[in-house]
Structures are given as structure tokens and as C-alpha cells.
There are 2 protein chains.
Amino acid sequence: MRKDTSTNALNEKQIRDSCGMAYSLNIIGGRWKPAILCRLSYGLMRYSELKKSIEGISERMLVAQLKELEKDKVIERLVYPEVPPRVEYKLTALGLTMKPMLAAMSDWGNLHRQQVNAVDEQTKVVY
Amino acid sequence: MRKDTSTNALNEKQIRDSCGMAYSLNIIGGRWKPAILCRLSYGLMRYSELKKSIEGISERMLVAQLKELEKDKVIERLVYPEVPPRVEYKLTALGLTMKPMLAAMSDWGNLHRQQVNAVDEQTKVVY
DNA sequence: CTGTATCCTAGCTGATACTG
DNA sequence: CAGTATCAGCTAGGATACAG
């Protein structure tokens, strides 16, 4: 394995890392999945709770994202055959393994957001 | 702070977490930024090296993503007024603080990808 | 070598209405 | 309550040619 040219040379590990990251993004990326996963990381919630808590999401998108997450086996759908119907969503065992990653992402985001606010806008804090 | 109803109740921390995560995704999300950040996390690279190492990316997208990352202050653009021109990209101090998050994401992705391969396809391993 | 400029497509996303 | 169905718009992304 040659040390190669002047600057940074590609190696297999970097390629794999990039693939892994892209793979994670495929699952947790997009506009709504972070919000869903974050909420479910605190415990199970039912459909209507998710819908109410995630401001601006349409039913169409909520259902679509939940389905994808279910397909990827990170969340689980629990249907109770009652009237009125009740459906709950929760992280699977695999989903729970994402918590460190999710935590790292929200931590960095919150920290950086604060810094940006502090530098650029001084007082503007939006939650 | 009431304990609220039957299942999981929203609280301020969850909202913030979700925002932080979405904020991170705004910066590192998309199809190409993970690949770029992963490579630069190992050290500086010049434009042509990035282009060559990231298979399938067009010049248009590479430039666009690099510009966004620069605007977000996570990478830095170093221009050497030479002939032929040379431009290098590297993580900023802020960009370096992302490394734990990036590592968490690539680790989880690689691990989960292996599991999926192991369960669903036995032998198929694509890098 | 390091980009711009132009045009084009596909799929994500939103709004709304409807159903078991 | 927990979804489906349909239509339409936007924008991220891709192909190609050109420029400093």
C-alpha cells in the first residue's frame, strides 16, 4: 500500500466509512424522520400523538415516513383491535441501537445552533 | 410539569433534540455531503482528488455541496494562485467537532449494513 | 485544473378530500 | 382514530457544454 501523492489519498476504510454514513442517512435522513425518531427514542407514542407533536407534518408524510422506518426495521407498529382504533409506534431493538448516534447528532446540532445564534443574531433563539 | 396521559408526552427537551438533529441533517444531509465530509475528516484534499474519489458525482454537485459546506463554516477553501490552479479543501475547527457525530453515523451504518447483508443476502457484500 | 452555465427530470412534499 | 387517494408544485439532483 503506497503512501501516494502530496495530499490525502483514499483508502478502503474511508470508502467504507462513507458508505456507512450514507447508509445511516438513508434511514434517518429527510425532513421528518429525525423528528419521529427523536420522539420515539423517549418511548412509544401513538399515531395521533406523533401527528400533534410534529408541527407542520401532513398525514400523508407521517404515514409514509413511519412505513419506511418500519420497513427498515427501526420502528415497530402495534395495532390494538379496538374501537376507536389505536396504533402505537416504538423503536425496535435495532432502533434502540441508534440512540447514541441520534444523541450525537442532536447534541452537535444544538451546540452549533447556539454558537451560530450567539455570533450572528445575539438574541434570536427559536425552538 | 405534569406527568400527562397514558403514553409518551412531549416535553421541551424532546423538541430541542429534534431541532438539533434536524439542524445537523441540514448541514450533513443529502446524497453527497456525507462522502465529502468523510473524506475530509481524514485530512485535506484538493478538488480533483475529491472528484475522482467520489464515484458518480458531477462537477455541478461537487461544487454546490462544497459551497454549502463552506457557507456553513464546516469546511475551508484554500486557493493557491498557481498555474495550473490548485484548490484544497479541509475541515474547519468547527468541522472537526463533527468527527464524533460522523464516526457514530458511519459506525452504525456499517454495523447495520453488515447485519442486513448477513440476514437477507448471506453473501452479498458491496463496497 | 477548477470550476460555470444551461437545461432537464424524478421524486419528494404539501393540500385536500375521503374511508374503515 | 388512523389512515388512503389524488393532484399539483418545488427543488434536489443529473448531463452536457463551456470558461478562466
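Quick note: numbers below take in every heavy atom, side chains included, and nothing from hydrogens, waters or symmetry partners. Numbered from 1 within each chain, the chains take letters A, B, ... in sequence-line order.
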Visitor: Taking the side chain of B:S48 as heavy atoms from C-beta outward, which of C:dC1, D:dG13, D:dC1 is closest to it?
Guide: C:dC1

Visitor: If I take atom CE in residue A:M45 and atom P in nucleotide D:dC1, what distance separates them, rounded to the nearest angstrom?
Guide: 14 Å

Visitor: With a non-hydrogen cut-off below 4.0 angstrom, is B:G30 in contact with a base, only sugar-phosphate, or nothing?
Guide: sugar-phosphate

Visitor: Quick one: B:R46 CZ to C:dT2 C1', roughly how many Å, whole number?
Guide: 9 Å

Visitor: State whether B:E49 and B:R39 are salt-bridged, where the test is any N-O pair (Lys NZ or Arg NE/NH1/NH2 against Asp/Glu carboxylate O) under 4.0 Å.
Guide: no

Visitor: Checking B:L44 against B:E76 for the side-chain contact (heavy atoms from CB on, under 4.5 Å) test, could you report, in this order, the C-alpha distance in whole Å, the side-chain angles of both residues, the deciding distance, and whether it holds?
Guide: CA-CA 9 Å; B:L44 98 178; B:E76 197 174 350; over 6 Å; no

Visitor: Whole Å only: how far is the CD atom of B:E70 from the C1' atom of C:dT2?
Guide: 14 Å

Visitor: How close or far is atom C1' of D:dA2 from atom CG of A:L78, stated in whole angstroms?
Guide: 14 Å

Visitor: Using a strict heavy-atom distance below 4.0 Å, which residues from residues 58-68 of chain A are in contact with DNA chain D?
Guide: A:E59, A:R60, A:V63, A:K67

Visitor: For atom CD of A:E82, decide whether the heavy atoms of other residues, nucleotides or ligands shown that lie under 6.0 angstrom number more than 12.
Guide: yes

Visitor: Residues in salt bridge (charged side-chain N to carboxylate O under 4.0 Å, His left out) with B:E59, at least two apart?
Guide: B:K51

Visitor: Taking CD1 from B:I54 and P from D:dG13, how many angstroms apart are they, rounded to a whole number?
Guide: 13 Å

Visitor: Taking atom C1' of D:dA12 as reference, at what distance in whole Å does atom CD1 of B:I57 sit?
Guide: 13 Å

Visitor: Which whole-number value in Å describes the distance from B:Y89 OH to C:dC1 P?
Guide: 14 Å

Visitor: Between A:E70 and A:Y89, is a side-chain hydrogen bond (donor to acceptor under 3.5 Å, both in side chains) present by the stated rule, with each step listed?
Guide: CA-CA 9 Å; A:E70 191 188 0; A:Y89 291 90; over 6 Å; no

Visitor: Expressed in angstrom and rounded to an integer, what is the separation of A:K51 atom NZ from C:dA15 atom C1'?
Guide: 13 Å

Visitor: Before accepting this row, confirm whether a basic side-chain N of the pair B:E88/B:R86 lies closer than 4.0 Å to the acidic partner's carboxylate O.
Guide: yes

Visitor: Would you indicate which nucleotide in D:dA2, C:dG3, C:dC1 comes nearest to any side-chain atom of B:P84?
Guide: C:dC1

Visitor: Would you sort out whether A:L50 and A:L66 count as a side-chain contact (heavy atoms from CB on, under 4.5 Å), showing the intermediate values?
Guide: CA-CA 10 Å; A:L50 284 169; A:L66 286 169; 4.0 Å; yes

Visitor: Looking at B:R77, does any N or O in its side chain come under 4.0 Å of the phosphate oxygens OP1/OP2 on C:dG3?
Guide: yes

